Every structure is written in C-alpha cells, then in structure tokens.
Amino acid sequence: MGEAVVVREGAGPEILLVHGGAGPRTTWGALSSLADRWTLAYVHRRGYPPSPPPREGQDFEVDALDLAPLLVGRPHVVAHSYGVLGTLIAAAAAPGSVRSLTLIEPPLTHLVPHDPEVARLERIGDAVLTHGMDTDPSELREFLRVAGAPVGDGPLPADVAAGVRRAHGGRLPSESRPRLDAIRGAGVPVLVASGGHAAALERICDALAAALSAERSVHPGAGHFVAAAPGFSEQLETFLRKSVMWRASCNR
C-alpha cells in the first residue's frame with residue numbers, strides 16, 4: 001500500500017500531528033507559528049494525499065501501524081478526533097516512545113456508558129460511516145455540525161460531501177478499545193482538550209482525562225477544530241514544555 005506520508009516543517013523538538021476526518025491543513029493550520037520553535041510533523045492519514053488510499057476504508061488499527069515507526073524518535077504527539085484512536089493504540093503498545101500526548105475530542109463513546117447524549121452521538125456517527133451520503137439527512141447534518149463542517153440548510157458543500165464519501169465504510173469508532181491503563185501506568189504526560197461546543201464530547205473528554213490521570217482544558221471558539229481556538233496554541237506549548245521538565249526530573 002505504500003507508507004503514510006509525513007510532511008515536516010520548522011526546527012526543534014518534534015510534534016507529531018495526527019488529524020482526524022478533516023485534513024492536516026484544516027485541523028492544524030492555526031499551529032503553524034509553533035514551527036519557529038518546534039518541528040511540526042504533519043501526518044497524512046491514508047486517503048489524504050499525498051498518502052496512498054486505504055485498501056478498504058479508514059481504519060484506526062491501520063493508523064496505529066502507520067504511526068508505530070514514527071514514534072521511534074520519541075516525539076510529542078497531538079491527535080484530533082478519529083486520529084486519536086490509532087494514536088492511543090500505537091502509544092499503548094510502546095508508551096516509552098512518546099514524550100507526551102495531547103488528545104482532542106476523540107469519539108471514545110464507550111468511556112461514558114448509559115449517557116443518552118453520548119449514545120446518540122455514537123449512533124449518528126456510526127450511521128454516517130456505515131451509510132455515507134445515504135444517511136438520514138437530518139442526522140447527517142447533525143453529525144456534520146458537531147464535527148465542525150460548514151453546513152447550512154442547502155446542499156452540502158462539495159468538499160464536505162467529498163469528506164463524507166471518504167469516511168464511508170470506515171471502521172466504527174465504537175469498536176475501539178485502546179489500552180489506556182498501559183499509557184497511564186507508564187506515566188506519560190497527557191493533555192485532553194475540547195472545544196466546549198457539544199455536551200457529549202465534553203463528557204467523553206472528562207472520562208478520558210480521568211482514565212489517564214491527564215490534564216484537562218476547554219477552549220471555546222472554534223467548535224470541533226479546537227487547535228484553532230483562542231489560547232489553545234499557548235496552552236499546548238506550555239504543556240509540552242512542562243512535560244519535558246517533568247520527564248527530566250523523573251529520570252534523575
């Protein structure tokens with residue numbers, strides 16, 4: 001299938017950026033100023049050029065295999081949405097290979113059982129991956145709004161429809177069960193961030209932070225694309241520098 005492509009820019013310690021359903025530019029564009037002090041390594045998941053297409057559909061297990069060799073240099077890893085799933089699998093398999101993890105609004109709905117809003121988010125998300133553009137129109141638009149897509153009442157923009165078709169047939173996030181205990185047990189510094197725009201995602205992020213003994217932050221203003229929210233870039237850099245100092249003190 002060929003390898004997933006990583007595009008690097010900047011200088012300094014590496015931050016591996018793993019996008020979700022939207023591409024790297026949309027997801028991480030607001031972090032570009034960090035390249036003055038950090039190497040930004042933009043992972044292009046399969047199906048997002050210039051990486052090759054997946055054999056069958058988006059799959060977090062395949063993402064994890066692609067990410068594993070990228071952890072050899074012990075980067076900081078920042079992951080968004082569906083991209084968090086493969087990131088957690090790869091990090092759990094080799095927790096000593098990541099300097100820190102920043103996890104943004106992942107669809108880990110199993111962490112909040114018996115919550116009706118979380119259950120609905122899981123149901124409509126699974127429906128979009130299963131049925132694509134044939135998903136019930138009201139549910140499709142509801143999911144796309146939560147996911148940060150610019151949708152109104154008219155026809156879907158061409159790029160949004162293309163994103164739905166690309167996601168169609170992907171492996172369902174509800175099947176993901178990453179080994180959070182391995183990451184927590186290894187003492188990996190973790191930041192869990194959200195955008196304060198969807199109650200279900202806030203509860204998932206709260207539960208994930210508790211499971212990983214992680215720092216927790218909320219950054220309103222950019223919806224699902226939390227990296228573009230006011231103050232997020234500064235919060236991220238503070239966390240990364242603090243995690244380096246914490247790791248150094250632990251290794252003395």
Side-chain angles (χ1 to χ4, degrees), residues 1-11 13-32 34-35 38-94 97-99 101-108 125 128-130 132-133 143-144 147-150 156-173 175-176 178 224-228 236:
M1 290 190 295
E3 297 181 349
V5 173
V6 181
V7 177
R8 290 177 171 83
E9 63 178 41
E14 183 167 289
I15 305 174
L16 192 69
L17 298 165
V18 187
H19 66 90
R25 181 174 298 182
T26 299
T27 307
W28 307 121
L31 301 182
S32 60
L34 294 179
W38 305 82
T39 297
L40 302 181
Y42 298 94
V43 177
H44 292 66
R45 295 172 51 237
R46 294 182 185 275
Y48 295 81
S51 287
R55 277 184 178 157
E56 297 182 1
Q58 299 294 314
D59 188 332
F60 50 80
E61 293 281 3
V62 174
D63 289 343
L65 293 174
D66 286 334
L67 291 171
L70 302 177
L71 303 183
V72 172
R74 295 190 68 235
H76 298 278
V77 184
V78 182
H80 180 252
S81 196
Y82 194 97
V84 173
L85 306 180
T87 295
L88 285 173
I89 294 169
S97 296
V98 293
R99 293 185 186 275
L101 289 170
T102 300
L103 311 171
I104 305 171
E105 295 201 349
L108 289 167
V128 172
L129 286 171
T130 302
M133 292 295 290
F143 176 78
L144 290 173
L156 294 181
D159 59 337
V160 173
V164 173
R165 295 188 182 98
R166 179 170 51 205
H168 186 192
R171 189 165 184 175
L172 303 182
E175 298 177 9
S176 176
H224 188 47
F225 293 103
V226 179
L236 174 62

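All residue numbers in this chain count up from 1 along the given sequence. Below, all heavy atoms of this structure are taken into account, side chains as well, without hydrogens, waters or symmetry copies. This is a predicted model, so every value here is computed, not measured.
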Practice item. Answer yes or no: is there a donor N or O on one side and an acceptor on the other, between the side chain of Ser97 and the main chain of Val72, under 3.5 Å? Key: no

Point to revise | Under the ring-ring contact (aromatic ring centres under 6.0 Å, His included) test, residues paired with His80 that sit two or more places apart | key: His224, Phe225

Check your understanding: Heavy atoms, side chains only, cut-off 4.5 Å: are Leu71 and Val77 in contact?
Key -> yes

Practice item. Test side-chain contact (heavy atoms from CB on, under 4.5 Å) on Leu16 and Val43 and set out the steps. Key: CA-CA 7 Å; Leu16 192 69; Val43 177; 3.6 Å; yes

Exercise for review: Before giving the answer on side-chain contact (heavy atoms from CB on, under 4.5 Å), spell out for Arg45 and Gln58 the whole-Å C-alpha distance, their side-chain angles and the decisive distance to 0.1 Å.
Suggested key: CA-CA 9 Å; Arg45 295 172 51 237; Gln58 299 294 314; 2.6 Å; yes

Point to revise | Heavy-atom closest contact (Trp28 atom, Leu17 atom, distance) | key: NE1-CB, 3.6 Å

Exercise for review: Please tell me if the side chains of Pro173 and Leu129 come closer than 4.5 Å, counting only heavy atoms from C-beta onward.
Suggested key: yes

Review point. Does the His168 side chain pair with the main chain of Thr130, one donor and one acceptor, at a distance under 3.5 Å?
Key: yes

**Study point:** Close side-chain approach of Val84 and Ile104, heavy atoms under 4.5 Å
**Key:** no

Check your understanding: Yes or no on side-chain contact (heavy atoms from CB on, under 4.5 Å) for Ile15 and Thr102, after CA distance, side-chain angles and deciding distance?
Key -> CA-CA 10 Å; Ile15 305 174; Thr102 300; over 6 Å; no

Study note, to complete from the structure: Taking every heavy atom of Ala227 against every heavy atom of Thr27, the minimum-distance pair comes out as CB-O, 3.5 Å

**Study point:** Pairwise side-chain contact, Pro52 with Arg46, heavy-atom cut-off 4.5 Å (strictly under)
**Key:** yes

Study note, to complete from the structure: Residues Pro54 and Gly57: closest non-hydrogen pair is CB-O, 3.5 Å

**Study point:** Residue that, paired with Glu14, satisfies side-chain hydrogen bond (donor to acceptor under 3.5 Å, both in side chains) out of His76, Arg8, Arg99
**Key:** Arg8

Point to revise | Non-hydrogen atoms of Phe60 and Glu175 that approach each other most closely | key: CZ-C, 3.9 Å

**Study point:** Partners passing ring-ring contact (aromatic ring centres under 6.0 Å, His included) against Tyr48 (at least two apart in sequence or in another chain)
**Key:** His19

Review point. Could you go step by step and tell me if Leu88 and Leu108 meet the side-chain contact (heavy atoms from CB on, under 4.5 Å) rule?
Key: CA-CA 11 Å; Leu88 285 173; Leu108 289 167; 3.7 Å; yes

Check your understanding: Quick one: does Ser81's side chain have a donor or acceptor within less than 3.5 Å of a partner on Gly21's backbone?
Key -> no

Check your understanding: What's the shortest heavy-atom distance between Ala228 and Ala30, and which atoms?
Key -> CA-CB, 3.5 Å

Revision key, fill the gap. Taken in chain and number order and not counting sequence neighbours, the residues that satisfy side chain to side chain contact (heavy atoms under 4.5 Å, CB included) with Leu65 are none

**Study point:** Spacing of CG belonging to Leu172 relative to OH belonging to Tyr82, to within rounding of 0.5 Å
**Key:** 7.5 Å

Revision key, fill the gap. Between Ala90 and Ala64 the two heavy atoms that sit nearest each other are CB-O, 3.8 Å

Review point. Side chains of Leu31 and Trp38: closer than 4.5 Å at any heavy-atom pair?
Key: no

**Study point:** Distance (rounded to the nearest 0.5 Å) between Leu85 CG and Asp63 CG
**Key:** 8.0 Å

